[in-house]
Amino acid sequence: MSFFIDEFQADLEALPNILQKKYALMRDLDKSLQEIVRQNEQRCEQEIEDMKRGVKAGNITPDTSLIRFSDEALDEQKHSIRIADEKVALAIQAYDLVDSHIQQLDQYLKKSGEELRRVERENTAATAPSQISDGTTKSGRSESGRRGRKNRSRVGTAAASAAATEVAATAANPTGMELDLPVDPNEPTYCLCNQVSYGEMVACDNPDCKIEWFHFGCVDLKEQPKGKWYCPDCAALRNRRKGR
């Protein structure tokens, strides 16, 4: 890539001088063309006046097919056309020269963009924090035992792992007291204690449950319940509905 930049820069530095020479030559040709055109116009005007006088004097037949400009006038016109064609050729050369540099620049920008994206992907892969499983799949009943209840597991962050370590130190407390845990602000919270996921958890079988997942200690459980299980709020709601 650096070789391409150096080569392109060398060509680009020479471009202004090359274009300047071509434009200077085009200006010289344009001056010559203007002079030849002016001389030819004067010559043709003079010859037309001579033809008119010759016709009036009877020295020239009025047949227009026999009236023509002199060879000198025709040669000047042909020379003017050659100069104009040479100017057009120079203009095309200048355009193609600039266009080739633009294409080289586009090619460089494309390669440079691909290189930058590759480096960015490598840096992202090297610095991205690894996703660490907290090893605490919310262990409610299996899908078959739940009759279609989704078996959900999550991947914790490093902050959640730190929280799990601190909770493990106080695991002897099954009362569900609110714990002062270092919580990642992006880590979702659950349970009646409104804390992050840790340890053994159980899912409420009410599909409309607002909390869904609960720590064993917060709902006085020591093992997975058999059959359907509802959290205290959902169980109270079901009882009220049954009592109607």
Side-chain angles (χ1 to χ4, degrees), residues 1-131 155 157-159 184-188:
M1 184 66 67
S2 60
F3 172 78
F4 177 85
I5 297 175
D6 294 340
E7 184 179 6
F8 176 76
Q9 185 175 1
D11 292 342
L12 190 61
E13 290 176 351
L15 180 62
N17 291 331
I18 297 175
L19 291 177
Q20 186 177 7
K21 292 179 180 179
K22 290 186 179 296
Y23 293 152
L25 182 56
M26 289 173 64
R27 284 195 299 270
D28 293 340
L29 290 173
D30 191 59
K31 290 179 180 179
S32 299
L33 179 60
Q34 290 177 4
E35 180 63 23
I36 293 174
V37 169
R38 185 184 63 79
Q39 292 178 1
N40 186 255
E41 288 178 350
Q42 292 177 353
R43 185 186 299 277
C44 291
E45 289 175 358
Q46 183 62 44
E47 291 183 1
I48 290 173
E49 291 298 326
D50 294 341
M51 291 176 189
K52 288 179 180 180
R53 285 193 297 268
V55 171
K56 288 181 180 180
N59 298 329
I60 300 176
T61 176
D63 187 355
T64 55
S65 62
L66 300 176
I67 299 176
R68 59 187 298 272
F69 289 113
S70 65
D71 291 339
E72 291 82 0
L74 295 176
D75 288 341
E76 287 175 347
Q77 294 173 6
K78 292 178 182 178
H79 187 46
S80 299
I81 294 174
R82 286 194 297 269
I83 293 177
D85 290 341
E86 191 172 352
K87 282 181 57 181
V88 172
L90 284 171
I92 292 175
Q93 291 175 12
Y95 175 85
D96 290 341
L97 189 60
V98 174
D99 185 63
S100 66
H101 281 76
I102 292 175
Q103 291 181 11
Q104 291 180 21
L105 180 60
D106 289 340
Q107 183 181 7
Y108 162 70
L109 291 176
K110 181 180 179 181
K111 290 181 178 180
S112 179
E114 293 174 352
E115 180 70 14
L116 289 175
R117 286 190 292 272
R118 184 186 66 79
V119 172
E120 183 178 359
R121 287 194 299 268
E122 291 178 354
N123 292 338
T124 301
T127 59
S130 60
Q131 297 293 327
V155 178
T157 62
D184 185 340
N186 296 321
E187 177 75 4

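Scored by the salt bridge (Lys or Arg N to Asp or Glu O under 4.0 Å) test, Arg82 finds no partners at all (sequence neighbours excluded). Remark: Asp96 pairs with no residue by the salt bridge (Lys or Arg N to Asp or Glu O under 4.0 Å) rule, at least two apart or across chains. Partners of Glu47 by side-chain hydrogen bond (donor to acceptor under 3.5 Å, both in side chains), not counting sequence neighbours, listed by chain and number: Ser70. Partners of Arg53 under the salt bridge (Lys or Arg N to Asp or Glu O under 4.0 Å) rule, at least two apart in sequence or in another chain, are Asp50. The side-chain contact (heavy atoms from CB on, under 4.5 Å) search around Gln93 returns Lys22, Leu90, not counting sequence neighbours. The side-chain hydrogen bond (donor to acceptor under 3.5 Å, both in side chains) check on His101 picks up nothing, with sequence neighbours excluded. With sequence neighbours left out, Ile48 forms a side-chain contact (heavy atoms from CB on, under 4.5 Å) with Lys52, Phe69. In this view, Gln42 satisfies the side-chain hydrogen bond (donor to acceptor under 3.5 Å, both in side chains) rule with no residue, not counting sequence neighbours. Residues passing the side-chain hydrogen bond (donor to acceptor under 3.5 Å, both in side chains) test with Arg38, sequence neighbours excluded: Glu35. With sequence neighbours left out, Asp75 forms a salt bridge (Lys or Arg N to Asp or Glu O under 4.0 Å) with no residue at all. For Glu122, the side-chain contact (heavy atoms from CB on, under 4.5 Å) partners at least two apart in sequence or on another chain are Arg118. Under the side-chain contact (heavy atoms from CB on, under 4.5 Å) criterion, Leu19 pairs with Leu15, Tyr23, Ala94, Leu97, Val98, sequence neighbours left out.
How far CG of Leu29 is from NZ of Lys31: 11.5 Å, rounded to the nearest 0.5 Å. In this structure, the separation between CG on Asp99 and CD1 on Ile92 is 12.5 Å, given to the nearest 0.5 Å. For the atom pair CE (Met51) and CD (Gln46), the distance works out to 11.0 Å, reported to the nearest 0.5 Å. Here the SG-CD distance, from Cys44 to Glu49, works out to 12.5 Å after rounding to the nearest 0.5 Å. The distance from the CD1 atom of Ile81 to the CD1 atom of Ile36 is 11.5 Å, given to the nearest 0.5 Å. Between atom CD1 of residue Ile83 and atom CG of residue Asp28 there is a gap of 11.0 Å, rounded to the nearest 0.5 Å.
Ser80 approaches Leu33 most closely through the heavy-atom pair O-CD1, 3.3 Å.
One finds no salt bridge joining Glu72 and Arg43 here, because no Lys/Arg side-chain nitrogen approaches an Asp/Glu carboxylate oxygen to under 4.0 Å.
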Please lay out, stage by stage, how Asn17 and Gln20 fare under the test side-chain contact (heavy atoms from CB on, under 4.5 Å). CA-CA 5 Å; Asn17 291 331; Gln20 186 177 7; 4.2 Å; yes
For Glu115 and Lys111, run side-chain contact (heavy atoms from CB on, under 4.5 Å): C-alpha distance rounded to whole Å, both residues' side-chain angles, the deciding distance at 0.1 Å, then the answer. CA-CA 6 Å; Glu115 180 70 14; Lys111 290 181 178 180; over 6 Å; no
